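Encoded as structure tokens, the structure appears first; notes follow it.
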2 protein chains.
Amino acid sequence: MALFNKTDLNKLKQKASDLLNRSMDQHVNLAVTGLSRSGKTAFISSLVNQLINEGSQSKLDFFNPVHQGRFVAAKRVPQKHLHIGRFEYEKSLAAFSQSPPVWPEPTHGISELRLAIRYQPQDSFLKYTTDSATLFVDITDYPGEWLLDLPILNQTYEQWSEQTLTLLKKSPRFEHAKEFIEKVNAIKPLETSDENQLAELSQEYTNLLLLFRHELGLSVIQPGRFILPGELADAPILQFIPFTNFAELDGNAYQNARDDTFIGMLRARFIEYKERVVRKFYKEHFLNFDRQIVLADCLTPLNKGAECFEDLQVAINLIMESFSYGQSSLFSRIFSPKIDKLLFAATKADHVTPEQHTNMVSLFNQLVYQTKHQLNYDEIEMKTLAISSVKTTVNGKGMHQGQDIPVIRGHQLKDHQLITLFPGAVPKRLPTKDYWDNDGFNYISFSPLVSIEAHEALPHLRMDQVLQFLLADKLK
Amino acid sequence: MALFNKTDLNKLKQKASDLLNRSMDQHVNLAVTGLSRSGKTAFISSLVNQLINEGSQSKLDFFNPVHQGRFVAAKRVPQKHLHIGRFEYEKSLAAFSQSPPVWPEPTHGISELRLAIRYQPQDSFLKYTTDSATLFVDITDYPGEWLLDLPILNQTYEQWSEQTLTLLKKSPRFEHAKEFIEKVNAIKPLETSDENQLAELSQEYTNLLLLFRHELGLSVIQPGRFILPGELADAPILQFIPFTNFAELDGNAYQNARDDTFIGMLRARFIEYKERVVRKFYKEHFLNFDRQIVLADCLTPLNKGAECFEDLQVAINLIMESFSYGQSSLFSRIFSPKIDKLLFAATKADHVTPEQHTNMVSLFNQLVYQTKHQLNYDEIEMKTLAISSVKTTVNGKGMHQGQDIPVIRGHQLKDHQLITLFPGAVPKRLPTKDYWDNDGFNYISFSPLVSIEAHEALPHLRMDQVLQFLLADKLK
């Protein structure tokens, strides 16, 4: 009589395999953020959609686990943090499924989504002992302004004020901020503060930030929480402003100013913001990210002009500070973040003709890598890509002055009319004055191209390369 | 030559007095909350208004520090917590200053306001060494639902579900909740959960809570954060519901249910809610309160009928649990709150004729003290009052069927028409079936009576007695 019958033995095998699986199960925290309405919601929706619908027409040739036939399946599973909003994938897909399809509503604040990816490991040892392994991917979606706020951790109120004043004094901000600066200059900083006056001035400053963001299309918006206050609405912590007249304030008097003076109250609120808003995000979220994707729309700034484009540069510079672990005094060694891969993705690549993509990447590289030359990013692998999360155009050829030219065709966002156009050439290098004077670029926003069913994959450009960079090494 | 000249001596005296003052400065945390649209914003605005404008026609005869001429002045000073919203006193006063005056917008969530009250101490020792002392009063305004949530700390998911089901199965909730209960009963609790289904069901449950609160005028709304989610909107922590079918669920199977089953996920989310929402409020706020005012409108429920009135009773019962430190297992000895005075104020006393106030208090006492007989509140001083934060009516006499009757006159809220009426008799005891059948009470909402300037005191009923109970012992 056998000690075990076959069913028992199979059960035992399954149990051993399960146990090994569990210890082999891996986990990665992907953080996604974006600058200048870069399409975060569309990006995350597409990334999830490509993985969930792999096999049903999804095009992921450059994603090795798929190319090698080792990708089994992916599904959404309950997320890690119950107190963080769920990323509303279903709502996004419903928007793409409408006829005609529309863009999903943008997300506010932070949200989460967890994917479980089943795959067959490459490794021979694993190959013989287990059928498949699981990678858990936690995707965190958060506003770009929160990332732009991180360098504040390293600044005094005086430094932050000076930096902000420099920005405010330059065009296109200055035209709108002039009156505000005059009002702040009229304040007697050492007099007893008036909370109502500060509430009004901070509201004025917030209105300026909203105008910079939504009307001028600028990227550097600090303090970021002012434009998305959530539960902090009306709290004193969001009622401070940059002080614009440090030049005429005695250093000793500033140091000794009590918390109930204007300047003392401004400083106290800035410090509270730094600790309770910025450091809190840093400790509760940023510290736990393994990989970061920063989405940036560099076509809209190219369309809007030199100042808007330069502002994107400043924003990317600020962001880079948060990743220069080596030299930066921003992070103590103990609380150092662990991000090992950083992807800068230039979105909306489908809004230009394909032969412009090389230029688009080259231009974007210059935006991103200008900083890299000065800093040491040995510990972080970086990449830039020109992508389209959800493709909105088809490519073709048109005639212009008797010559064949490449064109794109899609539904214009504003009226859903089908149009064909050549939007212009993307400059290969950071644009010079000539470029702006000639106004050579004609950017038009498009609607999604085709309505899809929930089980279908969204058309895209290079989402497979995104996945390859972010996830392939974890699926070996 | 004198060692000190007179000026020096006076300076020294001032310094000694300042020092003593500072060590004598006292501090009290007043918490204000309310049930059933009881007029929290009007109450806090009036309380602050009476103190700030003391001397300019304010009527505070029953507030000893004023009566004895020891009250010097009060002013608003910067609040303690910078991350908590500022109570918008100026906005409220602006509403009362309009012509015709209107009610201020209700507050959402939590807000703060700090008053500094200068007074002359009674104490002979202090009398000779210092001119005046300061009492700092921190007023915290928070939703009544948060107080109603506290007993959850003492409940398991099973207990909370049973209690909620009992409520849902009674009229007037049942008529609306029937379909919801059927849907929940159809769930197979031990099957793998579907997060989207839970999101839908919890949305349905939230809609029921909103209907109970705003259309039926009910008081017991749990979990309270569902109707004011703030930053937790769309988070799984607010996506649970009471399970309605514990009767058919095996106890062992329930205990062993994994977190990814329906019942396991509901339980996990309930626990997270208890810890992250309820206990957080308890630890960060409730623990620090010295005195609590609970406002309740008992006239509207009297108008709406027996079920609405009984629900107010249940709500007051639930609230009492949070203050029965002795027997309650709700609070561990270490984290026991320190509230020593509890005021239940029946608001809108100006909406009935003055001779009804005795009945109103007597009725309210029964609502509040029915619980007191079973519990021991030795450590807390309790009081009930019938008040009007902002008086909306004047009293007079009218004729009805040849007899003199007392009447009130004011501007009807809905159309601002000046009307005169006798709203009916308030029952002295908890109403019986007869009372409800006869439908004897005709409650009408009024607008504020007269427009006031910011430096004027609002007309009120018994706000001085409120101040006497809450603050007089701190101003001795």
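Below, read A as the first sequence line, B as the second, and so on, with proteins coming before strands; counting in each chain starts at 1. This is a predicted model, so every value here is computed, not measured.
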Under 4.5 Å heavy-atom distance to chain A, tell me which part of [X] shows up: side chain, backbone, both or neither.
{"X": "B:E112", "answer": "neither"}
{"X": "B:E272", "answer": "side chain"}
{"X": "B:V277", "answer": "neither"}
{"X": "B:E231", "answer": "both"}

A:E195 and B:P78 have their tightest heavy-atom pair at OE1-CA, 3.4 Å
Let me confirm one number: the [atom1]-[atom2] distance from [X] to [Y], rounded to the nearest 0.5 Å.
{"X": "A:T107", "Y": "B:D234", "atom1": "OG1", "atom2": "CG", "answer": "10.5 Å"}
{"X": "B:R276", "Y": "A:L82", "atom1": "CZ", "atom2": "CG", "answer": "8.5 Å"}
{"X": "B:H83", "Y": "A:K280", "atom1": "NE2", "atom2": "NZ", "answer": "8.0 Å"}
{"X": "B:R86", "Y": "A:L198", "atom1": "CZ", "atom2": "CG", "answer": "9.0 Å"}

Turns out that what part of A:E90 lies under 4.5 Å from chain B's heavy atoms comes down to side chain
query = Side chain, backbone, both or neither: which part of A:R269 has a heavy atom under 4.5 Å from chain B?
reply =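 Looking at A:R269, backbone and side chain both touch chain B.
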Most heavy-atom pairs under 4.5 Å with chain A, out of B:V77, B:N196, B:L238, belong to B:N196
